[in-house]
Amino acid sequence: MTNSALPALSDIPDAAVPGLLRIENSDREATTPIILDMLRSVYPHDQIFGDFCPVQGFIDAPPRELYEYLADTRCLEEWTYSLRGFTETEEPGLWVSHDRLGDSTRIYTRTVANPDAMTVDYHCAWDQSDHLWMIYLMRVVDAQVVFDKPGSVVLWTNCHHPFYDRNPYQDTAPDKRKVWVGDFWEMFSAGHQLELDNLKAIAEYRAAHGLPIKPDWMK
């Protein structure tokens, strides 16, 4: 019996993909200095706050309970820095609240959650609900699997949508508001770390005191 499978990358001509580093074309000795050059003590600002904003952390709380808490949009009332006063709209699953970063700013949120993967994606937008373009991607991971200890790992990523640079819905914005959500992009990393720290503090307190991670007021 012969193996008819083609070798890996057989569909791509040699050198057709510039910068592709594999052990076949760059052995360990050649690749080591390239990797060392990537490990810098100082990173360019744009490299950190470019098209992605990732934060992550460990939370000493049961992963399934933490996921169920995050999957309820109302949890944002507790651990986010500035989202307050959540009210469900006439459209099921769509919530409106106030983002106190912007004067008189309404923010709309729809939560898309997958219990099997324990992913929680918050689809949001300032001022209008027709296009929820601000996407907050979160995943809860069982720390027993990745750290060999009880608890949760939370991975959180944002992508730099072009609307952060320009507001295409200016007709829905409050008249006197001077700021746009994209003005804060360079502070997203620090701001999201602050909020992740809030989430950690709240969830760990409840877990340590035998309280449900998802509080009674959300049930």
Side-chain angles (χ1 to χ4, degrees), residues 43-57 66-114 119-140 154-203 214-215 217-218:
Y43 289 82
H45 188 274
D46 288 345
Q47 186 172 333
I48 301 299
F49 305 105
D51 289 334
F52 304 94
C53 177
V55 295
Q56 54 278 321
L66 185 63
Y67 160 78
E68 291 174 354
Y69 172 69
L70 290 172
D72 191 314
T73 306
R74 294 170 296 173
C75 76
L76 298 171
E77 180 89 28
E78 295 193 330
W79 61 268
T80 66
Y81 175 71
S82 59
L83 305 189
R84 300 294 182 266
F86 281 81
T87 303
E88 192 168 18
T89 68
E90 295 180 356
E91 184 177 336
L94 179 66
W95 295 75
V96 63
S97 60
H98 297 284
D99 191 341
R100 295 187 181 178
L101 283 177
D103 296 335
S104 303
T105 292
R106 294 174 300 169
I107 183 169
Y108 292 86
T109 304
R110 179 181 295 281
T111 301
V112 179
N114 183 321
T119 57
V120 179
D121 301 337
Y122 301 115
H123 294 235
C124 309
W126 274 18
D127 307 325
Q128 53 79 37
S129 61
D130 292 334
H131 185 180
L132 303 180
W133 58 271
M134 298 163 54
I135 315 296
Y136 298 75
L137 306 168
M138 303 186 77
R139 182 180 181 183
V140 179
V154 175
L155 309 175
W156 176 5
T157 300
N158 273 71
C159 301
H160 188 270
H161 193 285
F163 290 175
Y164 281 117
D165 294 329
R166 59 175 182 84
N167 179 10
Y169 301 106
Q170 296 186 27
D171 57 323
T172 64
D175 291 337
K176 297 181 180 180
R177 190 181 66 204
K178 298 180 180 180
V179 298
W180 173 237
V181 62
D183 298 339
F184 304 107
W185 175 258
E186 292 184 356
M187 294 184 285
F188 267 35
S189 181
H192 289 180
Q193 186 61 59
L194 180 154
E195 292 181 321
L196 188 58
D197 291 345
N198 286 347
L199 175 62
K200 176 181 176 70
I202 292 168
K214 184 174 180 177
W217 74 266
M218 289 173 57

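Keep in mind that the numbers below use all heavy atoms, side chains included, and drop hydrogens, waters and symmetry copies.
- No side-chain donor from either of E77 and W217 sits under 3.5 Å from a side-chain acceptor of the other.
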Between L70 and V140, is a side chain to side chain contact (heavy atoms under 4.5 Å, CB included) present by the stated rule, with each step listed? CA-CA 9 Å; L70 290 172; V140 179; 3.7 Å; yes

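- Counting heavy atoms from C-beta on, the side chains of W79 and L196 never come closer than 4.5 Å.
- The side-chain heavy atoms of V120 and Y122, taken from C-beta on, include a pair separated by under 4.5 Å.
- Looking at C75 and M218, their side chains come closer than 4.5 Å, going by heavy atoms from C-beta outward.
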Exercise. How far apart are the C-alpha atoms of H123 and V112, what are their side-chain angles, what is the distance that settles it, and do they pass the side chain to side chain contact (heavy atoms under 4.5 Å, CB included) test?
Worked result: CA-CA 7 Å; H123 294 235; V112 179; 3.7 Å; yes

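- Atom CG in N114 sits 4.5 Å away from atom OG1 in T119 (nearest 0.5 Å).
- Under the 3.5 Å distance criterion, the side-chain polar atoms of R110 are left unmatched by any main-chain donor or acceptor of S129.
- Proximity of M134 to V181: side-chain heavy atoms (C-beta onward) are separated by under 4.5 Å at one or more points.
- Under the 3.5 Å distance criterion, with hydrogens and angles disregarded, no donor-acceptor pair is assigned to the side chains of T109 and T73.
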Just distance, no hydrogens or angles: give the donor-acceptor pairs under 3.5 Å from side chains in residues 186-195, sequence neighbours left out.
unit_1, atom_1, unit_2, atom_2, d
Q193, NE2, D197, OD1, 3.0
E195, OE2, Y81, N, 2.7

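- Contact check on K214 versus D72 returns a salt bridge, with a Lys/Arg side-chain nitrogen under 4.0 Å from an Asp/Glu carboxylate oxygen.
- Under the 4.5 Å side-chain criterion, counting only non-hydrogen atoms from C-beta, C53 is not in contact with W156.
- R74 CZ to T111 OG1: the interatomic distance, rounded to the nearest 0.5 Å, is 10.5 Å.
- Not one N or O on the side chain of E78 forms a donor-acceptor pair closer than 3.5 Å with the backbone of I202.
- Taking every heavy atom of both residues into account, L137 and I135 meet most closely at CD2-CG2, 3.5 Å.
- In this pair, Y164 and W185 present their aromatic rings tilted. The plane angle is within the 30 to 60° band.
- Between V154 and K200, the closest side-chain pair of non-hydrogen atoms is not below 4.5 Å.
- The aromatic rings of H131 and Y169 lie perpendicular to each other, with more than 60° between the two planes, well past the 30° mark.
- Looking at every heavy atom in both residues, P174 comes nearest to S104 through CG-O, 3.3 Å.
- Side-chain contact of R106 with Y108: a donor-acceptor pair under 3.5 Å is present, judged by distance alone.
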Review item, side-chain donor-acceptor pairs of residues 95-102, under 3.5 Å, at least two apart:
unit_1, atom_1, unit_2, atom_2, d
D99, OD1, S82, OG, 2.7
D99, OD1, L101, N, 3.1
D99, OD2, W126, NE1, 3.0

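- L94 has its side chain within reach of L132: a pair of non-hydrogen atoms, C-beta onward, lies under 4.5 Å apart.
- The structure places CZ of F52 at 8.5 Å from OG1 of T157, a figure rounded to the nearest 0.5 Å.
- Inter-residue side-chain proximity for D127 and T105 is flagged as met; some heavy-atom pair is nearer than 4.5 Å.
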